[in-house]
Amino acid sequence: KQLLYILDIFPTVSETFILNEILELERKGFSVIIFARKKENSVRHELLNNLKAQVFYLPDAHKLGFRELFFSHFKMFILHPVNYLKTFIFSLKNRDKALFWFFKIACYYAYLARKYEFSHIHSHFASLSSCYAMLIGRILGKPYTFTIHGIYDLYIAPPEDLRDRAGLAKKAITISN
């Protein structure tokens with residue numbers, strides 16, 4: 001009953017539904033760890049006071065050095081050789097969709113995530129966070145799900161690899177009005 005949430009921004013007032021979802025999961029006995037790529041510095045939502053989850057802000061992918069990336073790849077290869085190689089090949093085959101670049105960073109994030117107990121990964125939006133959820137899940141051998149939100153994720157700006165992400169996910173959930 002441990003979950004890893006990978007989010008682009010947390011917390012953000014415009015996405016209070018994510019906070020409410022996590023609070024409900026905690027109320028039902030789930031333990032949640034949140035990896036967020038960015039923190040919004042706006043109004044602090046009052047409901048954050050009820051949050052038990054640990055929130056970790058991931059380092060900017062563009063600022064990671066060769067040493068951190070090399071070490072994380074080496075460690076993931078040693079700990080999960082088959083998963084690492086399968087994910088490497090998958091990312092290399094899909095490099096036209098920029099997956100190989102994301103794989104380089106996802107290994108570092110997987111290296112950070114492996115320190116925590118969790119059995120499932122979830123992300124919101126068909127954005128970078130769901131790409132990282134897919135790759136981290138593949139590297140660590142953990143199932144992942146993601147929620148696709150509305151017309152933007154499906155029709156206006158869907159990622160090129162949306163079909164792959166959905167096909168590899170345990171579930172792809174869609175939300176629309």
Side-chain angles (χ1 to χ4, degrees), residues 1-64 68 72 75-76 79-80 102 105-159 161-162 165-166 168-177:
K1 285 188 146 185
Q2 295 102 353
L3 304 171
L4 172 64
Y5 265 63
I6 300 176
L7 303 170
D8 284 324
I9 302 171
F10 187 83
T12 179
V13 176
S14 64
E15 297 173 7
T16 306
F17 59 90
I18 296 174
L19 175 59
N20 285 327
E21 177 180 292
I22 293 169
L23 289 170
E24 181 62 20
L25 287 166
E26 288 179 337
R27 192 184 69 73
K28 291 184 175 187
F30 285 86
S31 174
V32 180
I33 302 153
I34 300 167
F35 275 21
R37 294 181 49 249
K38 298 175 196 159
K39 180 179 185 177
E40 186 178 89
N41 294 321
S42 65
V43 179
R44 180 177 162 81
H45 199 290
E46 182 177 310
L47 287 174
L48 281 169
N49 296 330
N50 302 327
L51 186 68
K52 296 175 193 162
Q54 294 177 295
V55 181
F56 297 94
Y57 293 99
L58 298 168
D60 184 336
H62 298 285
K63 294 182 180 175
L64 291 172
E68 293 108 341
S72 63
K75 194 73 169 174
M76 291 298 95
L79 294 172
H80 306 280
F102 292 117
I105 306 307
C107 259
Y108 183 77
Y109 294 165
Y111 173 73
L112 297 176
R114 74 165 189 17
K115 299 175 185 176
Y116 303 97
E117 292 289 325
F118 64 93
S119 56
H120 186 87
I121 301 169
H122 183 71
S123 70
H124 276 270
F125 298 99
S127 59
L128 293 180
S129 62
S130 64
C131 180
Y132 285 126
M134 173 183 67
L135 294 171
I136 293 166
R138 287 181 64 111
I139 293 164
L140 296 177
K142 307 275 185 177
Y144 79 97
T145 53
F146 69 105
T147 305
I148 302 166
H149 291 269
I151 196 166
Y152 187 82
D153 281 350
L154 287 173
Y155 302 108
I156 296 174
D161 66 333
L162 182 59
R165 289 184 205 184
L168 294 168
K170 186 173 181 181
K171 278 190 183 169
I173 304 148
T174 58
I175 305 290
S176 187
N177 289 347

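Sequential numbering from 1 along the given sequence is applied to the chain's residues.
For the pair Asn20 and Leu47, the minimum side-chain heavy-atom distance is below 4.5 Å. Residues Leu112 and Pro59 are in side-chain contact: their nearest non-hydrogen atoms beyond the backbone lie under 4.5 Å apart. Looking at Phe102 and Leu128, their side chains come closer than 4.5 Å, going by heavy atoms from C-beta outward. Two residues are said to be in side-chain contact when any heavy atoms from C-beta on lie closer than 4.5 Å; Leu19 and Pro11 fail this criterion. Using a 4.5 Å heavy-atom cutoff, the side chains of Phe56 and Ile33 are in contact. Phe146 has its side chain within reach of Leu162: a pair of non-hydrogen atoms, C-beta onward, lies under 4.5 Å apart. Side-chain atoms of Tyr5 and His124, non-hydrogen and from C-beta on, do get closer than 4.5 Å to each other. Proximity of Tyr132 to Leu7: side-chain heavy atoms (C-beta onward) are nowhere separated by under 4.5 Å.
Under the rule for a ring-ring contact (aromatic ring centres under 6.0 Å, His included), Phe118 has no partner lying at least two apart in sequence or in another chain. Scanning for side-chain contact (heavy atoms from CB on, under 4.5 Å) contacts around Leu79 gives Lys75, Met76, Arg114, with sequence neighbours left out. Applying the side-chain contact (heavy atoms from CB on, under 4.5 Å) rule to Lys170 yields the partners His120, Pro143, Thr145; only residues at least two apart in sequence or on another chain are considered. Residues forming a side chain to side chain donor-acceptor pair (under 3.5 Å) with Ser127 (at least two apart in sequence, or on another chain): Asp8, Ser129.
Nearest heavy atoms, Ala133 versus Ser123: CB-OG, 3.9 Å. In terms of heavy-atom proximity, Ala172 sits nearest to Ile148 at CB-CD1, 4.3 Å. The shortest heavy-atom contact between Phe17 and Ser14 is CE2-O, 4.0 Å. Of all non-hydrogen atoms in Leu64 and Glu68, the two that sit nearest each other are C-OE1, 3.8 Å.
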Exercise for the section: Evaluate the criterion side chain to side chain contact (heavy atoms under 4.5 Å, CB included) for residue pair Leu3 and Ser31; output intermediate values, then yes/no. Expected result: CA-CA 6 Å; Leu3 304 171; Ser31 174; over 6 Å; no

Problem - Verdict with reasoning, Asn50 to Leu48, per side chain to side chain contact (heavy atoms under 4.5 Å, CB included) - result: CA-CA 5 Å; Asn50 302 327; Leu48 281 169; over 6 Å; no

Handout entry: side chain to side chain contact (heavy atoms under 4.5 Å, CB included) assessment of Ile9 paired with Lys39
Key = CA-CA 5 Å; Ile9 302 171; Lys39 180 179 185 177; over 6 Å; no

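The distance from atom OG1 of Thr12 to atom NZ of Lys38, rounded to the nearest 0.5 Å, is 11.0 Å. From Ile34, atom CD1 reaches atom CG of Leu58 across 11.5 Å, with rounding to the nearest 0.5 Å. Within the model, atoms OG of Ser72 and OH of Tyr108 stand 7.5 Å from one another, a figure rounded to the nearest 0.5 Å. Distance CG/Asp161 to SG/Cys131: 5.5 Å, rounded to 0.5 Å. Atom CD1 of residue Ile105 and atom CG of residue Leu135 lie 11.0 Å apart, to the nearest 0.5 angstrom. Rounded to the nearest 0.5 angstrom, Asn49 CG and Leu51 CG are separated by 9.5 Å.
Here the two rings, on Tyr152 and Phe125, have centers that are 6.0 Å apart or farther. No close placement of the Phe30 and His122 rings is indicated, their centers lying 6.0 Å or farther apart. Here the two rings, on Phe35 and Tyr109, have centers that are 6.0 Å apart or farther.
Checked by atom type and distance alone, the side chain of Tyr144 pairs as donor or acceptor with a backbone atom of Arg165 at under 3.5 Å.
The salt bridge (charged side-chain N to carboxylate O under 4.0 Å, His left out) pairs that include a residue from residues 10-27 are Glu24-Arg27, Glu24-Lys28, where partners are two or more places apart or lie in different chains. Within the structure, salt bridge (charged side-chain N to carboxylate O under 4.0 Å, His left out) contacts touching residues 132-156 (residues at least two apart or in different chains) do not occur.
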